[in-house]
Amino acid sequence: MKFKASLFDENAVSRAIVRIAHEIIEKNESVDSLCIVGIKTRGVYIADRLAEAIYKIENKKVAVGSLDVSQFRDDLDELFSRENVQELNFPITGKSIILTDDVIYTGRTVRAALDAILSKGRASKIQLAVLVDRGHRELPIRADYVGKNVPTSRSEVIKVNLKEIDGSDSVELFER
């Protein structure tokens, strides 16, 4: 892959997380019924950061969980049992869930995450927060909270680096 552009540096990633946290607080009547669920892998770290930012703003903790949606994907072979793919240590019925991921592209990962969440209970609402929306949706799914919209071609790739995994925060654009 050939590097094309740096889209976010560490400060921009941090600002986007804080802005999204403020938007979540403003759009929801209370953080008391909020749960943040990150889609593995990078969505989990974004969920943790959002929960921390909400705590700093509201002085209230929100439950945070994670989902491995690979077993719910419609574009992979049905090789997996659909048990124990969620790491949700809290009930979701009646809760407002903020589903988080690093990038939204076709929408298929989000659809799989919705299936995984719905298999655990009936949330009062589910909203989606992503760091980058790159377009090219194949399903009628949109993010409620977006760090940055980055129109891309199908030959381009967005790479999100997070310090918890990659050692530093950045978002970069590459050409295949």
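Numbering of residues begins at 1 and proceeds along the displayed sequence.
With values rounded to the nearest 0.5 angstrom, Lys120 atom NZ is found 14.5 Å from Asp115 atom CG. The distance from the OH atom of Tyr105 to the OG1 atom of Thr152 is 6.5 Å, given to the nearest 0.5 Å. For the atom pair CD1 (Ile36) and OG (Ser66), the distance works out to 13.0 Å, reported to the nearest 0.5 Å. Once rounded to the nearest 0.5 Å, the distance linking CD1 of Ile98 with CG of Leu34 reads 5.0 Å. With rounding to the nearest 0.5 angstrom, the OH atom of Tyr55 is 12.0 Å from the NZ atom of Lys60.
Residues satisfying the side-chain contact (heavy atoms from CB on, under 4.5 Å) test with Ser170, not counting sequence neighbours, are Asn161, Glu172.
Side-chain atoms of Ser124 come within 3.5 Å of backbone N or O of Lys95 as a donor-acceptor pair. A distance-only check finds no donor-acceptor pair linking the side chain of Ser96 to the backbone of Lys125 [under 3.5 Å]. One N or O on the side chain of Arg137 and one on the backbone of Ile141 form a donor-acceptor pair closer than 3.5 Å. Side-chain N or O atoms of Arg134 include one that pairs as donor or acceptor with a backbone N or O of Ser153 at under 3.5 Å. Here the side chain of Arg111 pairs a donor or acceptor atom with the backbone of Phe72 at under 3.5 angstrom.
The cationic atom of Lys27 (NZ for Lys, CZ for Arg) lies less than 6.0 Å from the six-membered ring centre of Tyr145 and within 45° of the ring axis.
In this structure, Val160 and Asp166 have side chains that are not in contact, with every pair of non-hydrogen atoms separated by 4.5 Å or more. Between Leu99 and Leu67 there is a side-chain heavy-atom pair separated by less than 4.5 Å. Looking at heavy atoms from C-beta onward, Asp9 lies out of side-chain contact with Asp169 at the 4.5 angstrom threshold. The closest side-chain heavy-atom distance from Gln127 to Asn28 is below 4.5 Å. For the pair Ile104 and Val110, the minimum side-chain heavy-atom distance is below 4.5 Å. Taking 4.5 Å as the limit, every side-chain heavy atom of Glu175 sits out of range of all side-chain heavy atoms of Met1. For the pair Ile46 and Asp102, the minimum side-chain heavy-atom distance is below 4.5 Å. Side-chain atoms of Thr106 and His136, non-hydrogen and from C-beta on, never get closer than 4.5 Å to each other.
Annotation for Arg122: atom CZ does not count as buried by contact number, only 12 or fewer foreign heavy atoms lying within 6.0 Å. Other residues, nucleotides and ligands contribute at most 12 non-hydrogen atoms within 6.0 Å of the NZ atom of Lys61.
Using a 4.0 Å cut-off between a side-chain N of Lys or Arg and a carboxylate O of Asp or Glu, Arg176 and Glu156 do not qualify as a salt bridge. With salt bridges taken as basic N to acidic carboxylate O contacts below 4.0 Å, none links Asp101 and Arg42.
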Run the numbers on Leu139 and Arg108 for side chain to side chain contact (heavy atoms under 4.5 Å, CB included), then give the verdict. CA-CA 7 Å; Leu139 300 170; Arg108 293 191 180 278; 3.9 Å; yes
Please lay out, stage by stage, how Val132 and Leu7 fare under the test side chain to side chain contact (heavy atoms under 4.5 Å, CB included). CA-CA 10 Å; Val132 178; Leu7 304 174; 5.6 Å; no
Atom pairs and distances, donor-acceptor, side-chain atoms in residues 13-22, under 3.5 Å, two or more places apart:
residue : atom : partner : partner atom : Å
Arg19   : NH1  : Glu23   : OE2          : 3.1
Arg19   : NH1  : Val146  : O            : 3.3
Arg19   : NH2  : Gly147  : O            : 2.6

